[in-house]
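Quick notes on the structure that follows.
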Amino acid sequence: MHKVNNQKIASIFYEIALYLEMEGVAFKPRAYERAAQAIESMSEEAYDIYKKDGEKGLDAIPGVGKSMTDKMVELFKTNKLKYLNQLRKRYPVKIKEITAIEGIGPKMVKDLYKKLGVKNLKDLERAAKAGKIASLPGHGKKTEENILKGLGFLKKSKGRVPLGYILPLAETVRDKLKKTPGTTDVEIAGSIRRRRATIKDIDLIAASSKPKELLKKFMKLPEVARILEKGENRAFVRLKEKIDADLIVVPKKQFGSALLHFTGSRFHNIRLRAMAKEHGWTLNEYGLIKKNTTLASKTEKEIYAKFKMDWIPPEIREEKGEIEAALAHKLPKLIPYGSVQGDLQIQTNWTDGSYTIEEMARAAKRLGRKYIAITDHTKALAMTGGLDEKDLARQAKEINKINKKIKNFRIIKSAEINILSDGKLDINEKGLKSLEIVSVAVHSGFSQNERVMTNRIVKALKNPYVNILFHPTGRLLSRRPEYAVNIDTIIKAAKKFNVALELNCFPDRMDLKDTNVRKAIEAGVKIVIDTDAHNVDHLKYIPLGEATARRGWAKKTDVLNTMPVSKLLEHFKKIRIDKLRKIR
DNA sequence: GCCGTTTTCGGCCCGACTGTTTTCAGTCG
């Protein structure tokens, strides 16, 4: 058996979809894409589902039926897929690679292959530079230029970018557009509005009585490098920051329908449109329309109401049960932004942070936090100058001193303690006892196999002093995938040993991710949201974590550090006493 | 290829822009 992971399966299904699209097959490409999307966003591995529940389990994945179940089973059994190999043989073309270029789709790939023998990006570049594409019937000079520009962009582009790095730019552009005469609303839509962890481009929706002026202003912004498309009410540009931005301008009365349309997700929209169709209506960016009359268009809420649904927060518009919940008026009350009162992971210049404890505390207070926990690394992480038991005692004295100086604020004694490769901690019991909150994390042995890694973490969670598991899967979005860990087992252990799981807001981490948050809270495990700040500038990332918690359907009560500090510390204290009593 | 409080068969979301066309296919969101 071969443990083919979800990402790999999704990637294969996406590739099949492209090949089928290339052949002009109807409907099947969408089916494969839909299944791929479902699989890549599952928190449980399809392989584990198969081992546990067999083919029945796979078939139960939404969008997956008999045929795709068979294909997954074949992958698990042989690590190969005959169907895909046949497609690749018929068209020996790097289809995913080539269609990554803006403006090139499967049909053009087919044409370029058949007529010019283009199989990969290198062939494509050579053909374009030699002027061969412009001379093809059906294509021209412009197509060729766009391909060359697209190739250049692809080389420089970083692909999807962490949300936290793009949001400020999107907000800057939005705010500049807001000041245009005749413009009443500008909103960021798309996956940024849904607060996905990574972003491909910036979508902006505006309501204006003077669309021409607004579009002109947009295209002339200093952030813009190049104009890709322009129309009556939309413009599509490439920003100097190597990311594309799209602006759609509508009359005020259509702002809601436009916002709904361009917020997505795609599958949420498809579902809504199918529902509209059942009523004999159509839903598009201009409104919910019955024959020639508009039933609703001004606000999203009005449109949802026509379907007898509650308004659905953008963060959960992923066609993952939110439509059913909205129809039944049973949407969860998602944790409101601004609910997190304190930051529970902060590094200082005692280890690899850049600022003193007091500087971090004062900066956090300025942002409205009521408390922070100081969580410098411990000794096994030698490269950061990790603290030993004596250092922690010294740091405690320092914290006491600063606590007296800063009013209406509380610094909590904590640490980011290493889980050693055998699951033991690198701080002794006396050291653990001296801390108000004990947080643990993996920082070594990333290449351990899943069983070893999982057992190691579970062993650490079993320690009666442990309160929080930091960045449970260890992913770094721009650099490193998750380490091999069985998140279901971790969640079970967290529940059993009453340990909270961290949702780390650092833009590169966002760990736990949304689907794991949902899984954890469904299992009754508590979450903490914190920034992992290494300097004062990082403290601002809390709302990213709140957003991700919302994507995971978390309520305020699921997140421990929405509590005031006295209650929070009481909570951890009580757990510690209970656990120690059970052991003795 | 998937799916079903109308359906196990017959459907499957909708519209704009571009480039190369003389009315449209391809691509994108």
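Letters A, B, ... mirror the listed sequences (proteins, then strands); counts begin at 1.
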Can you check nucleotides 3-9 of chain B for protein contacts, nitrogen or oxygen pairs under 3.5 Å, and list what you find?
from, atom 1, to, atom 2, distance (Å)
dC3(B), OP1, Gly63(A), N, 2.7

Query raised in the report: Taking the side chain of Met68(A) as heavy atoms from C-beta outward, which of dG1(B), dT20(B), dG15(B) is closest to it?
Result: dG1(B)
Requested in this report: Using the P atom as the reference point in each nucleotide, state the distance between dA16(B) and dC9(B) in Å, no decimals.
Outcome: 38 Å
Query raised in the report: When you match Asn269(A) and Leu20(A) each to their closest nucleotide on DNA chain B, which lands nearer the 5' end?
Result: Leu20(A)
Query raised in the report: Which is true for Ile248(A) with a 4.0 Å heavy-atom rule: it touches a base, it touches only sugar-phosphate, or it touches nothing?
Result: nothing
Report task. Just jot down the side chain to side chain donor-acceptor pair (under 3.5 Å) partners of Lys540(A), sequence neighbours excluded, or say none. Result -> Asp537(A)
**Report entry** Integer angstrom distance from the C1' of dT23(B) to that of dG29(B)
**Finding:** 24 Å
Report summary line: Glu144(A) CD to dT20(B) C1', in whole Å, measures 14 Å
Requested in this report: Could you work out the separation of dT18(B) and dC12(B) based on their C1' atoms and round it to a whole Å?
Outcome: 27 Å
Query raised in the report: Taking only N and O in the side chain of Thr143(A), is any of them less than 4.0 Å away from OP1 or OP2 of dT20(B)?
Result: yes
Distance-only criterion, 3.5 Å: show the donor-acceptor pairs between side-chain atoms of residues 285-299 of chain A and protein atoms not counting sequence neighbours.
from, atom 1, to, atom 2, distance (Å)
Thr293(A), OG1, Lys290(A), O, 3.0
Ser297(A), OG, Lys253(A), O, 2.7
Thr299(A), OG1, Glu302(A), N, 3.1

Please tabulate the protein-to-nucleotide N/O contacts below 3.5 Å involving nucleotides 10-12 of chain B, giving atom names and distances.
from, atom 1, to, atom 2, distance (Å)
dC12(B), OP1, Lys277(A), NZ, 2.6

Query raised in the report: Taking 4.0 angstrom as the limit, do Arg475(A) and Asp511(A) come out as a salt bridge?
Result: no
Report task. Could you tell me which residues satisfy ring-ring contact (aromatic ring centres under 6.0 Å, His included) with His2(A), sequence neighbours excluded, listed by chain and number? Result -> none
Requested in this report: Under the side chain to side chain donor-acceptor pair (under 3.5 Å) rule, collect the residues that match up with Ser67(A), sequence neighbours excluded.
Outcome: Lys71(A)
Report task. Can you tell me, in whole Å, how much space there is between the P of dC2(B) and that of dT6(B)? Result -> 24 Å
Query raised in the report: How does each nucleotide of nucleotides 21-29 of chain B score, in 5' to 3' order, for protein heavy atoms under 4.0 Å: base (B), sugar-phosphate only (S), or none (-)?
Result: S----SSSB
Query raised in the report: How far does the P atom of dG15(B) sit from the matching atom of dT21(B), given to the nearest Å?
Result: 28 Å
Report task. Decide if atom NZ of Lys3(A) counts as having more than 12 heavy atoms of other residues, nucleotides or ligands within a radius under 6.0 Å. Result -> yes
Report summary line: Contacts of Tyr113(A) meeting ring-ring contact (aromatic ring centres under 6.0 Å, His included) (sequence neighbours excluded), chain-then-number -> none
**Report entry** Watson-Crick or G-U wobble partner of dC17(B), both distances under 3.5 Å
**Finding:** dG26(B)
Query raised in the report: So, is Tyr286(A) near the phosphate of dA16(B), with a side-chain N or O under 4.0 Å from OP1 or OP2?
Result: yes
Report task. Please determine if Glu318(A) and Arg194(A) form a salt bridge, counting it only when a charged side-chain N lies under 4.0 Å from a carboxylate O. Result -> yes
Query raised in the report: Who pairs with Tyr32(A) by ring-ring contact (aromatic ring centres under 6.0 Å, His included), at least two apart in sequence or on another chain?
Result: Phe13(A)
Report task. Have a look at Lys71(A) and say if it touches a base, only the backbone sugar-phosphate, or nothing, with a 4.0 Å heavy-atom cut-off. Result -> sugar-phosphate
Check residues 129-141 of chain A and write down every donor-acceptor pair under 3.5 Å in which the side-chain atom is one partner and the other belongs to a residue at least two apart or another chain.
from, atom 1, to, atom 2, distance (Å)
Lys129(A), NZ, Glu125(A), OE2, 3.0
Ser135(A), OG, Lys132(A), O, 2.8
His139(A), NE2, Asp111(A), OD2, 3.0

Query raised in the report: How is Lys28(A) classified with respect to the nucleic acid when contacts are heavy atoms under 4.0 Å: base, sugar-phosphate, or nothing?
Result: base
Distance-only donor-acceptor pairs under 3.5 Å for side chains of residues 214-224 of chain A, two or more places apart:
from, atom 1, to, atom 2, distance (Å)
Lys217(A), NZ, Lys176(A), O, 3.2
Glu223(A), OE1, Lys176(A), NZ, 3.4
Glu223(A), OE2, Lys176(A), NZ, 2.7

Which pairs would a plain distance check flag for residues 90-97 of chain A, meaning a side-chain donor or acceptor within less than 3.5 Å of a matching protein atom at least two apart in sequence or in another chain?
from, atom 1, to, atom 2, distance (Å)
Arg90(A), NH1, Glu23(A), OE1, 3.1
Arg90(A), NH1, Glu23(A), OE2, 2.6
Tyr91(A), OH, Glu23(A), OE2, 3.4
Lys96(A), NZ, Ser11(A), O, 3.3
Lys96(A), NZ, Ser11(A), OG, 2.8
Glu97(A), OE2, Leu121(A), N, 3.2

